[in-house]
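In what follows, a structure is listed as structure tokens, so that the remarks can point back to it.
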Amino acid sequence: MSDIAQLRNDFVTLNQSIEGNPLVYLDSGATSQKPQVVINEINHFYSKNNANVHRGLHTLSERVTSQYEGVREKLAQFLGVFATELVWTSGATHSINLVASGLTNQLRYDDVILITALEHHANIVPWQQLAQRTGAKLKVIPVNDQGIICTNNVLAQIQKWQPKIFACTHASNTLGNILDVQVFIAQAKKIGATTIIDGAQAFLHLRPNLRQLDCDFYVLSAHKALGPTGLGILFGKYEQLNALPVYQTGGEMIETVTFDQTTFRQAPAKFEPGTPNISAVLGFGAAIDYLSNINFSAMHKYEQSLFKYLLEHLSAIKGVKLYGDLDNNIGTISFTFKSEHHYDLAMLLNSYGVAVRSGHHCTQPLMQALNLNGTIRVSLAFYNNHTDIDRFISALNNCIQLIEG
Amino acid sequence: MSDIAQLRNDFVTLNQSIEGNPLVYLDSGATSQKPQVVINEINHFYSKNNANVHRGLHTLSERVTSQYEGVREKLAQFLGVFATELVWTSGATHSINLVASGLTNQLRYDDVILITALEHHANIVPWQQLAQRTGAKLKVIPVNDQGIICTNNVLAQIQKWQPKIFACTHASNTLGNILDVQVFIAQAKKIGATTIIDGAQAFLHLRPNLRQLDCDFYVLSAHKALGPTGLGILFGKYEQLNALPVYQTGGEMIETVTFDQTTFRQAPAKFEPGTPNISAVLGFGAAIDYLSNINFSAMHKYEQSLFKYLLEHLSAIKGVKLYGDLDNNIGTISFTFKSEHHYDLAMLLNSYGVAVRSGHHCTQPLMQALNLNGTIRVSLAFYNNHTDIDRFISALNNCIQLIEG
Amino acid sequence: MTYQEIHDKLTSTSSWQQSYREIMLLGKQLPNLPNALKTEQAQVKGCESNVWLHVELDESQQHMLLVGDSDTRIVKGLLAIVLSLYNSKTPTQAAKIDAYQEFESLGLIKHLSPSRGNGIKAIVDRIQTIALQWV
Amino acid sequence: MTYQEIHDKLTSTSSWQQSYREIMLLGKQLPNLPNALKTEQAQVKGCESNVWLHVELDESQQHMLLVGDSDTRIVKGLLAIVLSLYNSKTPTQAAKIDAYQEFESLGLIKHLSPSRGNGIKAIVDRIQTIALQWV
Ligand SMILES: Cc1ncc(COP(=O)(O)O)c(C=O)c1O
Ligand SMILES: Cc1ncc(COP(=O)(O)O)c(C=O)c1O
């Protein structure tokens with residue numbers, strides 16, 4: 001098991017200068033950096049084994065197919081589920097769309113789809129579209145002024161609305177709030193709702209056991225969890241997953257095709273038409289191996305201590321306002337400074353080599369609820385260190401001087 | 001401009017042994033090998049610039065976004081179209097599904113969708129599903145015994161069926177036949193049909209100018225054209241493209257989101273929700289640069305001479321039967337040997353290091369039309385050479401001895 | 001041919017080609033299944049080849065009887081090896097057979113990879129399931 | 001401030017921070033647009049900031065009159081630079097201005113990247129389109 005602070009060395013991208021300053025990468029919520037083993041694996045695939053999967057008997061194809069399906073097994077183990085319950089998609093967004101499209105026939109006019117005010121657009125718009133298609137109603141659990149949703153309120157709203165579908169993020173990409181989804185799911189199950197959890201942000205920081213969570217569907221994106229771009233995962237309990245109608249159609253997901261009729265394979269194959277993102281699957285396999293070698297509780301403790309350090313220093317700056325749940329948090333904080341525009345702060349921070357995200361973070365409804373036009377978001381990962389935070393705080397103080405001076 | 005035969009050195013994957021023999025890769029129809037510059041570009045992205053696109057003001061994000069949109073411009077130029085007419089998808093299969101789904105409201109009961117008997121499942125099943133949704137009829141232009149479709153027959157069938165949608169491959173993945181799509185499109189336009197061309201196989205070998213072809217939609221997969229996995233392209237004439245309804249929904253493709261209503265951006269953004277396959281786009285940019293440096297007519301001549309050499313030697317083997325159009329061909333041949341099963345031949349060839357594809361090649365209806373349960377397919381690319389073919393022919397003769405001896 | 005004879009033959013080959021020759025010869029020795037027995041139910045679905053398999057229990061002897069066929073030479077040969085492993089064994093004996101290990105020792109483990117799409121893995125799995133049912 | 005003065009100021013800065021300070025000062029000097037003029041029509045859509053722009057032709061003088069505003073300091077400063085480039089020019093003169101080259105020589109070309117999402121590129125494009133219309 002690795003010493004957490006040493007792991008930073010595996011991320012070569014972090015070792016560079018921006019505008020003459022060392023890069024301080026605080027935008028892992030947008031996409032994580034990749035450890036060298038992931039980059040090497042992609043390299044190795046393309047330069048040694050490059051072939052299509054499930055399509056050839058020859059050695060390269062057989063080798064790659066074994067590795068490719070091996071990653072599915074590996075991830076299944078990591079998540080505590082069966083490999084047959086995991087579908088490769090092109091991203092969390094694709095995963096949610098697949099489910100929202102697939103549930104169309106299970107909804108009637110006036111049925112309720114319940115979501116929270118914290119959701120990313122990817123976990124809003126597909127449900128809105130589904131509601132429009134079916135005449136169902138989209139109901140939203142609100143946040144308080146601080147951007148917090150309390151567990152009791154969620155339970156009460158589930159009880160009140162008796163939703164057919166309950167879709168909820170595991171952690172907010174804008175505020176970092178961790179939601180008590182296990183409790184929500186249990187409640188939603190009692191009333192027979194289908195539960196979909198958006199784990200895009202949570203997966204890397206919380207390593208959930210999906211069997212324990214007991215949700216029907218869980219989605220994530222590889223690129224936010226040390227893996228390559230262009231790969232998402234959809235977990236679905238086998239029966240529910242296999243019960244969804246086919247989504248996209250094409251090669252490899254079929255059993256037989258004639259011009260009159262086509263029969264489809266069983267899940268997960270039925271949802272995987274066409275050539276998959278092979279290099280990304282193999283790269284993500286390396287990411288899962290890498291994560292498996294990191295002691296989770298050590299990582300978690302380290303991330304939380306970094307986050308506390310960040311909050312301490314950030315809240316000490318006069319004029320800074322923090323949002324969200326500061327206690328149950330994956331290590332992501334949104335803030336504003338007086339009435340300054342996030343654009344100015346982000347641009348100025350960048351001139352000091354500090355990479356943060358600014359704006360609405362694809363959560364416009366949350367911004368409306370908080371009466372903001374945007375925030376600066378700092379999102380941490382285990383490869384950050386205290387120096388990053390010191391540099392960020394010092395840069396922020398300089399920016400404030402620049403603006404006010 | 002490069003000497004074609006020298007280009008093989010840029011493909012390191014080809015330089016290896018399989019089962020103790022030099023690899024003879026004749027499966028480029030399944031996926032192409034990648035030149036070193038493409039592998040390097042992916043590497044460079046992940047280790048120097050890794051960031052999300054269109055989401056951050058910081059230097060990494062800005063740098064990657066410029067590069068990412070730059071590739072769209074570059075590809076647009078290569079294809080002779082506007083960048084706004086190109087949508088990044090996850091593959092040709094995804095591209096076709098996007099169009100087939102988007103045309104739903106343009107079809108009425110009894111309208112005709114016309115395709116050919118040569119199509120890949122990816123260009124059959126989405127249309128079949130569309131027909132089922134709308135009550136439209138799927139009509140198929142047949143092949144002759146040899147697997148050839150003659151141009152006059154296509155024109156006559158377009159005239160006869162007056163299709164609303166005409167979907168056709170530019171080149172057959174199983175037989176290599178090049179179809180005279182420009183003529184078909186002109187005819188289909190006369191009767192007001194929407195035309196979709198499947199360029200998955202043709203693009204690398206024919207480098208079509210899409211403005212000249214004048215089709216409404218054209219699809220391709222990066223991985224079949226020197227690029228990375230998990231990336232497809234959908235070209236659509238701007239008006240037709242933008243007129244399609246949104247397909248998947250999520251972040252970045254929206255203008256504004258409230259819980260009551262969402263407004264979407266214009267094409268291509270409206271079809272690109274979520275984090276795209278950034279590394280694949282950048283890698284494909286390197287592939288386009290690489291291709292641009294290869295003189296097309298020299299490459300074409302070289303490929304055709306290789307193909308002729310292959311046909312000569314293959315047809316000299318007694319018991320070998322060839323299918324498809326041997327003259328208008330991208331360099332792909334399907335054959336059978338007596339009544340031997342393709343599985344046995346492919347496995348035995350592999351023991352000599354020869355990688356071919358065997359089976360139905362995701363064209364079951366074509367196999368039914370030719371009364372075959374499968375073929376061996378040899379598909380060439382410009383990085384193959386005469387030695388590859390000599391080795392293949394010698395291996396094939398050995399396999400035949402092994403079977404018959 | 002007994003499994004031991006097969007074992008001796010296959011482990012003395014020096015190249016893949018020789019192995020394949022032996023495997024195909026084994027296939028040739030396996031009697032063809034009458035078409036009437038090539039039922040849909042008997043079919044083991046593999047991607048690239050057709051395989052049919054019947055597994056029965058000889059009530060008097062309490063041992064297993066297996067017959068099968070394939071439309072490809074190599075799969076038929078591999079099938080012959082599998083059958084020789086299990087034929088005439090009691091269900092209890094059969095359940096203890098580790099076909100993977102045997103294929104490993106024959107140098108044929110790659111053929112059990114699910115990605116080879118030849119159905120051999122599915123065949124072994126089906127036999128094991130049936131045997132366990134009779135234990 | 002004239003464009004020449006701006007040019008001299010900006011090209012004598014020695015760090016990004018100094019440039020930003022100058023840009024923000026330029027923004028401060030640009031009068032705020034009355035809310036009544038912050039119409040939807042005047043809005044130039046950029047991702048991260050709001051920008052409003054009015055371009056008119058002084059009929060008597062035949063030169064262009066531009067006013068604008070932004071809710072961010074930096075974009076407002078960049079806008080001030082753009083306005084100083086085009087204000088009081090005849091449409092024919094304006095059409096000949098290469099704003100990209102000017103931003104390049106000011107060391108600010110990055111701010112014209114569409115991915116910066118600040119709308120400056122859209123502003124320049126809109127002004128050019130209008131100017132050409134009047135040529
Ligand atoms: C003619 C043709 N169309 C479509 C496809 C589907 O491409 P992909 O699997 O990359 O989505 C293929 C790939 O085999 C093909 O050959
Ligand atoms: C909470 C959440 N859900 C969904 C998504 C969408 O993920 P992707 O863009 O990888 O599809 C994101 C990414 O920003 C996210 O943060």
Side-chain angles (χ1 to χ4, degrees), chain A residues 17-24 27 30-31 121 174 229 319 334-364 367-368 371-377 391-405, chain D residues 9-10 13-30 32-33 35 38 40 43-53 68-82 103 106-123:
Chain A
S17 289
I18 297 291
E19 319 280 2
N21 297 289
L23 168 64
V24 178
D27 196 18
T31 197
H121 292 160
T174 301
T229 57
S334 258
F335 71 93
T336 53
F337 174 73
K338 295 185 180 167
S339 62
E340 291 301 324
H341 200 286
H342 51 84
Y343 178 89
D344 291 323
L345 283 170
M347 288 298 283
L348 293 176
L349 282 168
N350 183 56
S351 75
Y352 290 98
V354 177
V356 296
R357 176 132 180 232
S358 60
H360 56 65
H361 318 293
C362 291
T363 56
Q364 288 183 1
M367 292 295 113
Q368 289 147 19
N371 203 14
L372 293 171
N373 66 2
T375 68
I376 297 284
R377 180 187 74 179
R391 286 192 172 128
F392 160 63
I393 294 292
S394 138
L396 181 58
N397 279 318
N398 287 336
C399 296
I400 290 172
Q401 270 196 340
L402 212 54
I403 283 178
E404 303 199 320
Chain D
K9 268 231 156 68
L10 279 172
T13 60
S14 63
S15 72
W16 270 104
Q17 287 80 28
Q18 247 187 297
S19 301
Y20 279 127
R21 184 194 299 276
E22 294 300 335
I23 291 169
M24 290 190 290
L25 284 173
L26 287 171
K28 267 193 189 154
Q29 288 165 35
L30 198 66
N32 292 337
L33 215 56
N35 279 336
K38 292 183 178 172
E40 170 125 24
Q43 201 165 351
V44 183
K45 274 183 185 159
C47 275
E48 300 279 342
S49 58
N50 287 307
V51 178
W52 299 270
L53 176 72
D69 202 350
S70 166
D71 58 356
T72 79
R73 294 170 187 271
I74 294 171
V75 177
K76 191 164 179 182
L78 296 170
L79 181 63
I81 299 173
V82 174
F103 266 68
L106 296 176
L108 300 177
I109 190 69
K110 276 197 178 164
H111 293 285
L112 273 171
S113 154
S115 54
R116 280 294 192 207
N118 55 20
I120 292 294
K121 187 179 174 306
I123 293 166

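Excluded from the calculations below are hydrogen atoms, water molecules and symmetry mates; all remaining heavy atoms, backbone and side chain alike, are included. The chains referred to below are lettered A, B, ... by the order of the sequence lines, with proteins before strands, and numbering in each begins at 1.
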Task: Value rounded to 0.5 Å, distance of CZ in D:Arg73 from CE in A:Met347 - done: 15.0 Å

Open item on the list: To the closest 0.5 Å, what do you measure between OH (D:Tyr20) and CG (A:Asn350)?
Closed with: 6.5 Å

TODO: Give the minimum heavy-atom separation between A:Asp344 and D:Ile74, together with the two atoms involved.
DONE: OD1-N, 2.7 Å

Open item on the list: Does any backbone or side-chain atom of A:Asn398 lie under 4.5 Å from a heavy atom of chain D? Answer side chain, backbone, both or neither.
Closed with: neither

Open item on the list: With chain D as the partner, which of A:Gly374, A:Ser358, A:Gly20 has the greatest number of non-hydrogen pairs under 4.5 Å?
Closed with: A:Ser358

- [ ] Report yes if the side chains of A:Leu348 and D:Met24 come closer than 4.5 Å at any heavy-atom pair, otherwise no.
- [x] yes

Open item on the list: Within a 6.0 Å radius of atom NZ on D:Lys9, are there more than 12 heavy atoms belonging to other residues, nucleotides or ligands?
Closed with: no

